[in-house]
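Step one of this worksheet: look at the structure below.
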Amino acid sequence: MPSTFYVTTPIYYINSDPHIGSAYTTIIADVVARYKRMMGYDTFFLTGTDEHGQHVLRSAQAAKKDPKEFSDELARRFVNLWKELEISNDAFVRTTDDYHVKTVQLFFQKMYDKGDIYLGKYEGWYCVNCETFWTDKDLDENNLCPTCQRPLEHVKEENYFFRLSKYTEPLLKHFREHPDFVGPDFRRNEMLRILEDGLEDVSVSRTSFNWGVPVPFDSKHVVYVWFDALVNYVSAIGYGWDEEMFNKYWPADVHFIGKEINRFHSLVWPAMLMSMELPLPKKIFAHGWLTVNGEKISKSRGNAVDPRVLIKAYGIDAVKYYLLRDIQFGNDGDFSEDNLIVRINADLANDLGNLIHRTLSMISQNFDSLPAPSEVGAYDDEIEKLTIETIKEYFRFMDEFKFTEALTNVWKLVKFGNKYIDLTEPWLLARDISKKARLATVLYNLSDLIRNVAIMLSPILVKTSDNIFKKLGQKFEGIETLGWHKTISGVKIVVGEPLFPRIDTKKWKKVINMTKEEAQKTNENSQVTIEDFSKLDLRVARIVKAERIPKSEKLLRLILDVGGEERQIVAGIAKIYTPESLIGREIIIIYNLKPTKLMGVDSNGMLLAAKDSNKLRILTVDGQIDPGAKIS
Ligand code: MSP
């Protein structure tokens, strides 16, 4: 049986825009998923959106939208963001998905039948923002939500309750028998303290609104949004609809969450699973909160920075490297743009970038291909020993989610690579033909160190690692190739440009607090030159024929007149435009786009369209102009 690994993130409320804080957990979970895949585990990585509840309902009402439509629109934003951040999730669960709703009802019914859910009356406080019930004893004199500091609402409702109190002892026993159940240790201890005080029953349904999963046996009630949300971890992997998949991946290996939702995950969720007689997750890891440049992340402060702005300015690999290297996973941490720039310049451009560029340049100057090792010399033992040690330490740290330590350790090796160059002085060896054999060994050893570094970095610096492999003419052939002297020699290498250009801090404008548009315009590396633009051949084309592509909801086949030339393109606009409405219209196309096939149909060019959060419109010209006219 191959080993499996199941990792999750919280499912995010759709009504807040994702910011660097919410992206943090997903980035970490992605790194772990990629690491486990690399280690050969059959990995399942789940993320998704939490779409029911009063907060979402109110936001939908404020936007004058039906809550389901509102959710559809906003859930897409998360799906797209994760794509842009190269998140490798295997599934995306939405709590409005049918299979999820059914599984929630199954849980509710079974727990009710067992006597673990009973009807009662709730009177107390509720935070709509956090969707959390609070009692008087949780509050200080300000009567604000202890988590988000917003005003609370007084609630008096008939509710179903979950007999959480019944599970105090079984949970205590589980915590004692599984000291690693909740991490980091100080978070486990917080939970233990709550348990030792004894748990109270909790409300698990609402009656004052109906945007939620209906309670199967009482249509006046919808299931409380947290009960609903927690079930995602099992509904998404088949509980209630695909037993085989469920048994394959459950129990989860780790739920990654932020510290503020630890009680729900470490106490309520395990108790629900105990009630359902299901195994508990192996680990819950509650990390700290990020601030941005020292301040709490909030829309009103303008620092709820869109992760897209950051990756556009700095590149996804650099942002990820910084987050994992500088912020001690588990503790609170600060996202500082200054420190990000320091890391890019010092670690990525200087240490790693230079090591690779120097090594590859020397290979290309002195050999036709990557040389094989031959004459052993001073410092070779050291570089070999350190590589082997680093690999061992890397596994240990990654397995414990100690990313800062894992990267610091890899960087010791990177720095040693640069030192090995200084010690072995390959530029002197290159001057003396009799030392060519020694030069070959030195450059092979360096290439081998770099290849090992690239493997270790691959779950984090995905593109960079891929680039390094290409530069060295290597292919990644599995984790067994992580080790000394497993680089293939005799292959062509590519020197190319240094991997990370240095940021000139004097000229650079920082992007936090800028809007996405401003950030795009400001920094040089996101600007295009007129030469870049002139590579695009944009032309006016008249649509002469349009038809739907069978079996596709989105695609239309368009026949165009481009100044006497007939062209066929495929466009994803069928949901917005009927074929008839397009005939005779003059549109703008990219004329010199590489041809491709979509749903088996040739597409030779692409039409331009503008898109906002909910509309799409094709670009046309202002008045009559001959088809084929160039756009400049
Ligand atoms: N919908 C619930 C979770 C249900 S899981 C069964 C929820 N959603 S949320 O949109 O508010 O997301 C909260 C999570 O986002 C945190 O637990 C954390 O993972 C992440 N973060 C949000 N802000 C963050 C920071 N400022 N810093 C780090 N992580 C942050 O709660």
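Read the numbers this way: they start at 1 and go in the same order the structure lists the ligands and their atoms.
Within the 4.0 Å heavy-atom shell around ligand 1 one does not find K296. Using 4.0 Å as the threshold, H287 has a heavy atom nearer than that to some atom of ligand 1. Within the 4.0 Å heavy-atom shell around ligand 1 one does not find W269. For F264, the heavy-atom gap to ligand 1 stays at 4.0 angstrom or more. In this structure, H265 counts as a contact residue of ligand 1, since one of its heavy atoms falls inside 4.0 Å of the ligand. Within the 4.0 Å heavy-atom shell around ligand 1 one does not find C130.
Residue Y233 touches ligand 1 through its side chain alone, judged by heavy-atom distances below 4.0 Å. When heavy-atom distances to ligand 1 are checked against a 4.0 Å cut-off, N232 comes that close only through its side chain, counted from C-beta outward.
Below 4.0 Å from some heavy atom of G288 lie the following atoms of ligand 1, by number and element: 28 (C). Residue-ligand proximity, T25 to ligand 1, at heavy-atom distances under 4.0 Å covers atoms 18 (C), 19 (O), 20 (C).
At a 3.5 angstrom cut-off on N or O pairs, E260 counts as close to ligand 1. Backbone and side-chain nitrogen or oxygen atoms of Y24 are examined, and none is located within less than 3.5 angstrom of a nitrogen or oxygen of ligand 1.
Taking only non-hydrogen atoms, the option from L290, T147, D50 nearest to atom 1 (N) of ligand 1 is D50.
Looking only at distances, a side-chain donor or acceptor of R163 sits under 3.5 Å from a matching main-chain atom of G115. Side chain of H265 to backbone of P270: no donor-acceptor contact under 3.5 angstrom is found.
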Derivation of the side-chain hydrogen bond (donor to acceptor under 3.5 Å, both in side chains) call for E260 and T147: CA-CA 7 Å; E260 83 291 359; T147 305; over 6 Å; no
